[in-house]
Amino acid sequence: IYMIAGLLSVAIVCAILLQFYNSSNDKQLLQAATSYQKAIIANENSSISTADKTAKFETVVKDYPNTSYGIFASWTLAELYVVPTKLDTKSFNMNISNIPKAIKILQQSTEANPKDNLTNITKTRLAKLYLASNQTDKAIKALQSTTNLQDNAYPLMLLGQAYLQQKDKTKAIQTWQKAEQDQNSSPEFKKIIAQLINNVG
């Protein structure tokens, strides 16, 4: 009887702790969603400065790095960092001087969410920035670490561009040919891939 009572007590305590954990988790997600929504609304308001928009997304990334909202915020934040200005070099249509900041924010997101499927997208965005800053080896490493690389035309296209940066035309063409096999790719995107192949070939 005492053993059964003890087991029941343990079970009740575990149930209470689990409910408390879920409640805390739900509360955090709600706070993250609210903070992210505020950032999105600010981002769509043309009267708010880029600095203020950036600050709001930085708050989401800092306070809720392990949530989907933190991941989404890191994407927008990286984009805001590299938005070109009148004084920028227009190479890649990016603010080249801020690429290191954008890279850092996406690197932090991949480290905070190693098992989240959204991290595949983060790594693809990261690879694009690596390519823009001529960090080809890092771009290849980031793309090869994505779990859906062989089935996704866009990261394969970037991988082909990385190989081309390394002057390896054969690998670039082979990779782009794999990209053409993606059944989910649009006809327009396949034309872009075909053009890349033709330009190199």
Open item on the list: Enumerate the side-chain hydrogen bond (donor to acceptor under 3.5 Å, both in side chains) contacts for residues 35-44, please, sequence neighbours excluded, ordered by first and then second residue.
Closed with: none
TODO: Give, for atom CG of Leu30 and atom OH of Tyr69, the distance between the pair rounded to the nearest 0.5 Å.
DONE: 8.5 Å
Task: Interatomic spacing from CD in Gln174 to NZ in Lys171 - rounded to 0.5 Å - done: 8.5 Å
TODO: State, with a plain yes or no, whether a side-chain heavy atom of Ile140 is found less than 4.5 Å away from one of Tyr163.
DONE: yes
- [ ] Say whether, by atom type as modelled, one donor and one acceptor occur between the side chain of Gln165 and the main chain of Leu131 under 3.5 angstrom.
- [x] yes
TODO: Answer whether the closest heavy-atom distance between the side chains of Thr110 and Leu106 falls below 4.5 Å.
DONE: no
TODO: Report yes if the side chains of Gln181 and Leu156 come closer than 4.5 Å at any heavy-atom pair, otherwise no.
DONE: no
TODO: Grab the two heavy atoms, one from Gly70 and one from Val61, that are nearest each other, plus how far apart they are.
DONE: O-CG2, 3.8 Å
Task: Ala112 versus Asn66, closest heavy-atom pair with distance - done: O-ND2, 2.8 Å
- [ ] Look at the side chain of Thr119 and the backbone N and O of Asn113, then say whether any donor-acceptor pair between them is shorter than 3.5 Å.
- [x] yes
- [ ] Any chance you could measure Trp176, atom CH2, to Ile193, atom CD1, to the nearest 0.5 Å?
- [x] 8.0 Å
Open item on the list: Once rounded to the nearest 0.5 Å, what's the spacing between atom CG of Leu77 and atom NZ of Lys62?
Closed with: 13.0 Å
Open item on the list: Looking at Ala142, is its backbone amide N or carbonyl O close enough to the side chain of Ser145 to form a donor-acceptor pair, meaning the two atoms are under 3.5 Å apart?
Closed with: yes
- [ ] Quick one: closest heavy-atom pair of Thr175 and Gly160, and the distance?
- [x] CG2-N, 3.7 Å
Task: Residues Ile99, Tyr81; criterion side chain to side chain contact (heavy atoms under 4.5 Å, CB included); working and verdict - done: CA-CA 7 Å; Ile99 285 181; Tyr81 282 152; over 6 Å; no
Task: Summary of side-chain hydrogen bond (donor to acceptor under 3.5 Å, both in side chains) pairs that have at least one residue in residues 98-108, sequence neighbours excluded - done: Gln107-Tyr130
Task: Residue pair Ser74 / Ile105: nearest heavy atoms and the distance that separates them - done: O-CG2, 3.8 Å
Open item on the list: Using the rule that Ile, Leu, Val, Met, Phe, Trp and Tyr join whenever any side-chain heavy atoms are under 4.5 Å apart, tell me whether Val200 and Phe189 fall into a single cluster.
Closed with: yes
Task: For the student: nearest non-hydrogen atoms of Leu164 and Ala172, plus distance - done: N-CB, 4.0 Å
TODO: Could you walk me through whether Asp116 and Ile71 pass side chain to side chain contact (heavy atoms under 4.5 Å, CB included), step by step?
DONE: CA-CA 9 Å; Asp116 196 307; Ile71 295 174; 3.7 Å; yes
Open item on the list: Looking at Lys190, I'd like to know if its NZ atom is crowded, meaning that more than 12 non-hydrogen atoms belonging to other residues, nucleotides or ligands lie closer than 6.0 Å.
Closed with: yes
Task: Trace of the side chain to side chain contact (heavy atoms under 4.5 Å, CB included) decision for Asp137 with Gln166 - done: CA-CA 9 Å; Asp137 290 339; Gln166 291 185 329; 2.8 Å; yes
Open item on the list: Counting only heavy atoms not in Gln195 (residues, nucleotides, ligands), do more than 12 fall under 6.0 Å from its CD?
Closed with: no
TODO: Kindly compute the distance separating CG (Asn152) from OG1 (Thr124), expressed to the nearest 0.5 Å.
DONE: 6.5 Å
Open item on the list: A side-chain contact here means heavy atoms from C-beta on lying under 4.5 Å apart; do Ile103 and Lys138 qualify?
Closed with: no
Task: Side chain Asn120, main chain Thr146, donor-acceptor under 3.5 Å - done: no
Task: Lys53 side chain vs Leu80 backbone, donor-acceptor pair below 3.5 Å - done: no
Open item on the list: Counting only heavy atoms from other residues, nucleotides and ligands, does the tally under 6.0 Å from NZ of Lys128 exceed 12?
Closed with: no
Task: Asp182 backbone acceptor or donor facing Ser185 side chain under 3.5 Å - done: no
Open item on the list: As an exercise, state the distance from OG of Ser109 to CZ of Phe72, rounded to the nearest 0.5 Å.
Closed with: 10.5 Å
